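Working notes, structure below.
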Amino acid sequence: MDQWEQLRQQCMSCRACGLADTRTNVVFGVGDPRAEVLLVGEAPGASEDRQGEPFVGAAGKLLDDMLAMIGLRRQQIYITNSVKCRPPQNRDPLPAESEACMPWLREQFRLLHPKIVVCLGRVAAQRMIRQDFSVTREHGQIIEKGGILFMGTFHPAALLRQPQNKPEAFADFTVLRDTIAAVCEHTYHK
Ligand code: URA
Ligand code: SF4
């Protein structure tokens, strides 16, 4: 078994925080374990919890459309969340839950060593880019940290509530496309 599959199986039985008691499925992630591009959302919702896959509800449909717009399918990238189990009633993850879950994302990050990381929404961006990251002010900017390129953009669920931000979000995705074309080797070639 490869390291990725080993990590996935360990994660699937994780009980490191209270969300283990209310989840249906751990949502480890979806896509290519050798992806050059990693997308990180917040936490699973009801559909994700039921199906065990990230972004399969209404927000996920929008995300798929935005990916399609820049010529990407799920299999060409990797998509996960900063918290792997659904918080009840979709409340924000508690700080203790985010902390407890962080090692999984850290290991995914270490094994993938992505070239580009896209943070979907404030929660992921503040965790992965900077604690005071502002999506409103800094979305779409490419931020280099330790040789890896990060971008924060709008969360697709936020775009469903505030569709006036969609043009800016689409513009961020075209920046993503151009950045992939500039630095990735195989993302657009399979
Ligand atoms: N919102 C997220 O942040 N992640 C999902 O997987 C679904 C909705
Ligand atoms: Fe484990 Fe993360 Fe699920 Fe908590 S949310 S039980 S830490 S996988």
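As the structure is a computational prediction, the values presented were derived from the model and not from experiment. Computed from heavy atoms alone, side chains included, the values below leave out hydrogens, waters and symmetry copies. First listed ligand is number 1; within each ligand, the first listed atom is number 1.
Contact annotation: for E48 versus ligand 1, heavy atoms closer than 4.0 Å belong to the side chain alone. Contact annotation for A59 and ligand 1: no heavy atom of the residue comes within less than 4.0 Å of the ligand. At a heavy-atom cutoff of 4.0 Å, ligand 1 is contacted by no atom of A157, backbone or side chain.
Looking only at heavy atoms of the protein, atom 2 (Fe) of ligand 2 is closest to C101 SG, 2.3 Å. Scanning the protein for heavy atoms near atom 4 (Fe) of ligand 2, the closest one is C17 SG, 2.4 Å. Ranking protein heavy atoms by distance to atom 8 (C) of ligand 1, first place goes to F55 CE2, 3.8 Å. Nearest to atom 3 (Fe) of ligand 2 among the protein's heavy atoms is C85 SG, 2.3 Å. In this structure, the protein non-hydrogen atom closest to atom 4 (N) of ligand 1 is N81 OD1, 2.7 Å. Nearest non-hydrogen protein atom to atom 1 (Fe) of ligand 2 is C14 SG, 2.3 Å.
Every atom of ligand 2 is numbered from 1 in the order shown, and the set under 4.0 Å from a heavy atom of R23 is 3 (Fe), 6 (S). Listed by number with element, the atoms of ligand 1 under 4.0 Å from a non-hydrogen atom of E42 are 2 (C), 3 (O). The P54 neighbourhood of ligand 1 comprises atoms 6 (O), with distances under 4.0 Å to a heavy atom of that residue.
The minimum heavy-atom distance between C85 and A43, with the atom names listed, is O-CB, 4.4 Å. The two residues L112 and P33 have their closest heavy-atom pair at CD2-O, 3.0 Å. Scanning both residues, C14 and R23, for their nearest heavy atoms gives O-NH1, 2.6 Å.
Within the 2.8 Å limit, C11 places no N, O or S atom next to atom 3 (Fe) of ligand 2.
For G60, the heavy-atom gap to ligand 1 stays at 4.0 angstrom or more. Within the structure, the closest approach of H155 to ligand 1 falls below 4.0 Å when heavy atoms are considered.
Considering K84, R86, R91 in turn, R91 is the only one that fulfils the salt bridge (charged side-chain N to carboxylate O under 4.0 Å, His left out) rule with E97.
A donor-acceptor pair shorter than 3.5 Å can be found between the side chains of H139 and E168. The closest side-chain donor-acceptor pair between T187 and E36 falls under 3.5 angstrom. Side-chain atoms of Q10 and Q6 include no donor-acceptor pair closer than 3.5 Å.
When ring centroids are compared, F109 and W104 stay outside the 6.0 Å threshold.
At a 3.5 angstrom cut-off on N or O pairs, G41 does not count as close to ligand 1.
In the hydrophobic clustering of this structure, L105 groups with V26; members are Ile, Leu, Val, Met, Phe, Trp, Tyr whose side-chain heavy atoms approach within less than 4.5 Å, directly or through other members.
The existence of a salt bridge linking E138 and R130 is confirmed by a sub-4.0 Å separation between a basic side-chain nitrogen and an acidic carboxylate oxygen.
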